[in-house]
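Working notes for the structure below.
In what follows, chains carry the letters A, B, and so on, assigned in the order in which the sequence lines appear, proteins first and then strands, with residues in each chain numbered from 1. Predicted model only: the values in this text are computed from it and were never measured.
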Amino acid sequence: MFALVDGNNFYVSCERVFRPALLHRPIVVLSNNDGCAISRSNEAKALGVRMAEPWFEVERRLPDAGIVALSANFCLYGDMSSRMMSIAAGLGPGMETYSIDEAFISLAGVRGDLTRRADLVRERILQWIGVPCGVGIAATKTLAKLANHIAKSAHRKPGSYPAELARVCNLAALPPADLDAVLSATDLGEIWGIGPRIAAQLREEGLRTALDVAHMDPATVRRRWSIVLERTVREMQGQPCMVLDEAPGPKKEIACTRSFGQTVTRLQDLQEAVSEFACRAAEKLRKQGGRAGQVHVFIQTSPFRRGDRQYGQSITLPLRRPTADSTLLAGMACRGLRAIYQQGFKFAKAGVILLDLADADMEQGELDLDDPGRDRGQLMLAADRLNERFGRGTVKLASAGLAGDARNWTMRQNLRTPDYTTRWTDLPIARA
DNA sequence: TCTGGGGTCCTAGGACCC
DNA sequence: TCTGGGGTCCTAGGACCC
């Protein structure tokens, strides 16, 4: 048995904790560069703001709706997330943190009324953290996901499902006939693992609801689609195919990619950006105690600027030996950049992806005949500690551009709230 | 003017091996 | 006329997730 705990409109809810005046108002949180809406309050959803809708289009479409937009503050959301997870963990013996706002919890061996227990945890998260959650409970992870969707819909859109399923939906507690009724009231596109493409193919076959998918024959699904969809179908039938992954292994690739605040044309600007992205990726790599064997770098123009000449190119470079050294990784990334750069284009985005990751203590010994640059492990450690203590960017490579220089490629974030919970100077102050 | 970022898994097909 | 069989590894691309 699994539970899925999921924060409602998570980023928006985090912002509201520290600015209660935003309650009951249409709010959106924007992606990097203040580009698209990535979290919407119920009021914003009701106004028709779509997921990932560009903010400038929302402003044009609904100029008088009084929608408040905020730049994403991932420091705040990450900290709020870990607080929420620490309470959610009390629901059962094991937990898998699935995303910043979701956790699967094993209910194996938990006795008593699971629905009530889940409701108490939900209330505690609301009271202690201030974030509203929904909980789904079912025999498999896929069904628990769907139960969570139903819990939220029943709460947000009264009449869509029986009212007693609001906030906490325990599919395992429903009589079979009621379960079928709920599944047949749910579109198949809501099922975890069925994206737009597969959904369209299934509709082509005349299927419509989650119940239709649950009635498919696994062998046929495997033959005509894939083992992935077969697992989804079996999970919909109550047969667990996915286990709780309590301790996910180290990442297999680590990326840092960004759109620019404005387009750039010069190699110098791209070099600063690529150098910085490589360093950021390298920091993440050192955090998980790894080394990278290859560096992938890409640059591209904006496909949205239809009038511009388009160009996109990428390259993957192998390292002579795996490393987590920012200077070596940034150097390699910049070498790749010089190989793919073309003059005369307005570049909108670039990125660095570290590949072929291995554990740092797995090292191939070799004779050091042509020293290609020593791994500055101690220097990296010192830099990481300084940046941790005094803030990101305290120590960095000069090739990423010095403060005070142009750095015209950095992203826009004009609507950002303070780091209320992770920075002393941003601590909210209560006045009597 | 203005359009996000970071991942995972699976599969088909090519290269290569004996 | 007729040209084997069995296997591994790697990669690019597609699909999905939040």
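- Among the protein residues, R305(A) comes within range of the sugar-phosphate backbone only, with heavy atoms under 4.0 Å from sugar or phosphate atoms but none that close to a base.
- Scanning for ring pair (Phe, Tyr, Trp, His ring centres under 6.0 Å) contacts around Y98(A) gives F104(A), W192(A), with sequence neighbours left out.
- You'll find the side chain of R117(A) reaches within 4.5 Å of the side chain of L91(A), heavy atoms only.
- Between Y420(A) and F18(A), the angle of the ring planes stays under 30°, which puts this pair in the parallel group of the 30/60° scheme.
- Within 4.0 Å (heavy atoms only), P303(A) reaches no atom of the nucleic acid at all.
- Between the side chains of E102(A) and S99(A), at least one donor-acceptor pair of N or O atoms lies under 3.5 Å.
- For DNA chain B, the span of nucleotides reached by chain A at under 4.0 Å from its heavy atoms goes, 5' to 3', from dC2(B) to dT11(B).
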Side chains of residues 150-158 of chain A: which donor-acceptor pairs under 3.5 Å do they make with residues two or more places apart or in other chains?
| from | atom 1 | to | atom 2 | distance (Å) |
| --- | --- | --- | --- | --- |
| K152(A) | NZ | D6(A) | OD1 | 3.1 |
| S153(A) | OG | H149(A) | O | 3.0 |

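- Ring orientation note: the planes of F74(A) and Y77(A) are nearly perpendicular, at an angle over 60° on the 30°/60° scale.
- Among the heavy atoms of the strands lying under 4.0 Å from I227(A) are primed sugar atoms or P, OP1, OP2 only; no base atom is included.
- Taking the P atoms as reference points, dT3(B) lies 25 Å from dC18(C), given to the whole Å.
- Of the residues in residues 236-259 of chain A, those with a non-hydrogen atom less than 4.0 angstrom from any atom of DNA chain B are K251(A), K252(A), E253(A), I254(A), A255(A), C256(A), T257(A), R258(A), S259(A).
- Comparing S226(A) and G261(A) by the nucleotide of DNA chain B that holds the closest heavy atom to each, the one mapping nearer the 5' end is G261(A).
- Listed in residue order, the members of residues 209-225 of chain A having a heavy atom less than 4.0 Å from DNA chain B come to none.
- Nucleic acid contact class of L30(A) (heavy atoms, under 4.0 Å, all strands): none.
- If you check every strand for non-hydrogen atoms under 4.0 Å, E102(A) touches sugar and phosphate atoms only.
- The residue N33(A) sits apart from the nucleic acid: no heavy atom pair falls under 4.0 Å.
- W55(A) comes within 4.0 angstrom of no nucleic acid atom, judged by non-hydrogen atoms across all strands.
- Using a 4.5 Å heavy-atom cutoff, the side chains of T97(A) and M84(A) are not in contact.
- Here R280(A) lies out of heavy-atom contact (under 4.0 Å) with every strand.
- More than 12 non-hydrogen atoms from other residues, nucleotides or ligands lie less than 6.0 angstrom from CZ of R416(A).
- Across all strands shown, L355(A) has no heavy atoms under 4.0 Å from either base or sugar-phosphate atoms.
- Looking at N33(A), its side chain does come within 3.5 Å of a backbone N or O of R412(A) through a donor-acceptor pair.
- D34(A) comes within 4.0 angstrom of nothing in the nucleic acid, heavy atoms only.
- Remark: DNA chain B takes part in the stems B:5-18 with C:5-18, each of 3 or more antiparallel Watson-Crick or G-U pairs, criterion distances under 3.5 Å.
- The pair R203(A)-D187(A) meets the salt-bridge criterion, since a charged nitrogen lies less than 4.0 angstrom from a carboxylate oxygen.
- Using modelled atom types, no side-chain atom of E235(A) and backbone atom of P240(A) make a donor-acceptor pair closer than 3.5 Å.
- The environment of CZ in R392(A) is sparse: at most 12 heavy-atom neighbours from other residues, nucleotides or ligands sit within 6.0 Å.
- Residues T327(A) and R376(A) bring a donor and an acceptor atom of their side chains to less than 3.5 Å of each other.
- Listed for the R16(A) side chain is a donor-acceptor partner under 3.5 Å among the backbone atoms of L22(A).
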